Structures are given as structure tokens and as C-alpha cells.
There are 2 protein chains.
Amino acid sequence: MATIIGYKLRRAQLYVFQDFLETFSRLKLRPAEFSVLTIIANTPGLKQSEIAEMLGIKRANFVALMDGIEKRGLAERRKADTDRRSHSLHLTPQGTKFVRKMAAVWAEHENRMIARLGGPEERDRLIELLDRLLGTPEN
Amino acid sequence: MATIIGYKLRRAQLYVFQDFLETFSRLKLRPAEFSVLTIIANTPGLKQSEIAEMLGIKRANFVALMDGIEKRGLAERRKADTDRRSHSLHLTPQGTKFVRKMAAVWAEHENRMIARLGGPEERDRLIELLDRLLGTPEN
DNA sequence: TATTGTTATACTCTATAACTATA
DNA sequence: TATAGTTATAGAGTATAACAATA
């Protein structure tokens, strides 16, 4: 196939997301929800629009995503008293438990991908090359 | 971000596709159309469903895609006389000219990506790692 | 006047079922 | 009966405009 980089990148991304989807089907969790919960767990109190922007999700589309997470009792919106227009996001106690399970399931998925690559060093090489494409200076 | 491989892969793929889209906006060509024209140019006479499968596109969704390409006069469906259910796909003379222009525009895009990676050797390393994920044995 | 979250809407991709014409 | 192409349709994901509450 001709447009080598873009085409292979897309195929590989679809493969990894497919494995993610199957691995996480028991938790009924999609990649976007996984990312949101991970960020809330690591940095509680961020505003909706901050998390949306970190993930490249339009804030309008973030609403339904967050509705689902909140309806499942995993995280909640709190009116910030410094700026009462914004909602700061926090895990519920149940969400904290869920994130622990989630992390274990994630390790299973990620280890499978690392094994396909040939080990952690190869994973690091891949991440470094992807960071070059993204112009991210080492993070 | 936690789900490192999948997340970075997705971000990098979106970046490359964005560059592709901008580069090809003058030709009004999407990645899927590019792929289809490239395959028809390299292997004329394949059936619709063969090309669709090579690209991971459902044959039902291939119809509108091919309609657009045909309407632009770049390629055409021909009834195969061995099996008159199937359509074999061929470039038109105009399509052959278009594919030449397309290849030049593609080189511009691909070279920009290769430069970001740090050169052709780094591109090769990336492709090799992506092939490992895909389980493709060296191609 | 500008920003945050929200609603409504539209467009693209993708997936499935059912039809037709051929085999 | 099975297959290639087709149609219709539904679901995600994504993008924009406009509104209410608040700044």
C-alpha cells in the first residue's frame, strides 16, 4: 500500500483499539471513557473543558460522555465555587474502586501489545517515534 | 496518558491524516479514495469486493465510494464476462493522469512525515514496529 | 462582552440486513 | 443454494451554531 506511514498507522491503531474493545467489553468501557476516568483519577478537580481539550474532544461532545460516566456512578460533576459556570470532576468512591479494576484490565491489554512489539524496549522505541510525529519533545 | 500505545497511536494517526487531508484538499481527495485509486492503478481488473476487503471496507460501504470515483471520471466499473455478477475496476485515461498528479502530492506529504520522524531509516523502524503489531511478517 | 456547559443538528465512517441478478 | 453488488438504515465519532447561566 502506497501511503505507507498513514495507512500502516491507521491499521495498527485499529488493531490495538479492537484488542482494547474486546479486553474491556467485560467492563463495558470505551477508550474515551477509559481516558476520562484515568485523567480524573490522576488529577481530580479539573474542569470539563480542560479534560475535553486534553483529549481532543469538543466540549459539546464531552457532555454525553460525562453523562454516561456520571449515570454509572463512577464520577461526578461539582459546581466550582470560584467559578460557578464550571464543573470540576471527581471520582466517586465506587469510581475509585472501578479505576483499580480498570488498571488491572488495562495492564493485561497493554502487556499483550508490548509482547507483540517484542518487549518493553521496542515499545519505548515505538512511543519515541510516535512522539516525533506529534512533535512532542520527550513526554 | 495511561493507555500509552493505543492513545499515542491514535493521536499520531490523526496527526498524519490531518496533514494528508490538508495536503490533498486541492485534489479534493480523501484517504480512502486515494487508497482505492492506488490499488486500481497497481492492479487493474480487481473486483470491487476484492479491493474493499484489502482495505478493510465493507462492500456495502464501498459502493458510494466507488460511485464518487466513477462520477469524477477517474475509474470505471466493467462487467466481467467470466462472472457477470462482478465488476472489475479500471482507471480511465483521465484517471491515469490524475494518479500521476496524486503520486506527486503524496510524495510531498510522505516526505514531510519522514522528515518529522528523522529520516527514511526512522520511517523504516516505525513501519517495522507497526508490522509487528499487525502480525504482518515483513511486508 | 466573553466563557462554561449544554442542546440541537449535521456529516462522515462503519456495521448489518435484505434485495437483485447472476452463478 | 450461494455470491457480487446494491440499497436502506442505524450507530458511533466528530464538528458547528446557538442558548442559559455566570463571569
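Here the structure is a predicted model, which means the values were calculated and not measured. Below, chain A is the first sequence line, B the second, and so on; all start at residue 1.
Rounded to an integer number of Å, the gap from CG of B/L65 to C1' of C/dT14 is 13 Å. What separates CD of B/E53 from C1' of D/dA4 is a distance of 13 Å, to the nearest Å. If you take NE2 of A/H87 and C1' of D/dA23, they are 14 Å apart, rounded to a whole angstrom. If you take CZ of B/F62 and P of C/dA15, they are 15 Å apart, rounded to a whole angstrom. Taking atom CD1 of residue B/I51 and atom P of nucleotide D/dG5, one finds them 9 Å apart after rounding to whole Å. B/E33 places its CD atom 11 Å from the P atom of C/dT12, with the value rounded to the nearest Å. For the pair B/L14 CG and C/dC13 P, the interatomic distance rounds to 13 Å; values are reported in whole Å. Whole-Å rounding puts the B/Q48 CD to D/dT3 C1' distance at 14 Å.
Here A/R10 lies in heavy-atom contact (under 4.0 Å) with sugar-phosphate atoms only. Within the 4.0 angstrom heavy-atom criterion, base atoms lie near B/N61. Within the 4.0 angstrom heavy-atom criterion, base atoms lie near B/A60.
Contact check on A/E110 versus B/K8 returns no salt bridge, with no Lys/Arg side-chain nitrogen under 4.0 Å from an Asp/Glu carboxylate oxygen. Checked for salt-bridge contact, A/E76 and A/R78 meet the test: a charged N lies under 4.0 Å from a carboxylate O. Taking a cutoff of 4.0 Å between a charged side-chain nitrogen and a carboxylate oxygen, B/R125 and B/E128 do not qualify as a salt bridge.
With C/dT4, D/dG5, C/dT16 as the candidates, the nucleotide lying closest to the side chain of A/S49 is C/dT4. When the nucleotides C/dG5, C/dA21, D/dA17 are ranked by their closest atom to the side chain of A/K47, C/dG5 comes out on top. Here D/dA4 is the nucleotide among C/dT12, D/dA4, C/dG5 with the atom lying nearest to any side-chain atom of B/S86. Listed nucleotides: C/dG5, D/dG5, D/dA23. Nearest to the side chain of A/D83: D/dA23. Checking C/dT22, D/dG5, C/dC13 against every side-chain atom of B/R30, the shortest atom distance belongs to C/dC13.
Comparing B/D81 and A/M66 by the nucleotide of DNA chain C whose heavy atom lies nearest to each, the residue mapping closer to the 5' end is A/M66. Each of A/Q18 and A/R77 has a nearest nucleotide on DNA chain C; the 5'-most of these lies closest to A/R77. Comparing A/T82 and A/I57 by the nucleotide of DNA chain D whose heavy atom lies nearest to each, the residue mapping closer to the 5' end is A/I57.
The shortest distance between the side-chain N/O atoms of B/R59 and the OP1/OP2 oxygens of D/dT7 is not below 4.0 Å. OP1 or OP2 of D/dA15 sits under 4.0 Å from a side-chain N or O of A/K58.
In this structure, B/S88 contributes its side chain and B/K47 its backbone to no donor-acceptor pair below 3.5 Å.
In the interface, the side chain of A/R85 is paired with the base of C/dT3 through a donor and an acceptor atom under 3.5 Å apart.
A side-chain donor-acceptor contact under 3.5 Å links A/Q48 and A/R77.
Residue-environment remark: CD (B/E53) stays at or below the threshold of 12 foreign heavy atoms within 6.0 Å.
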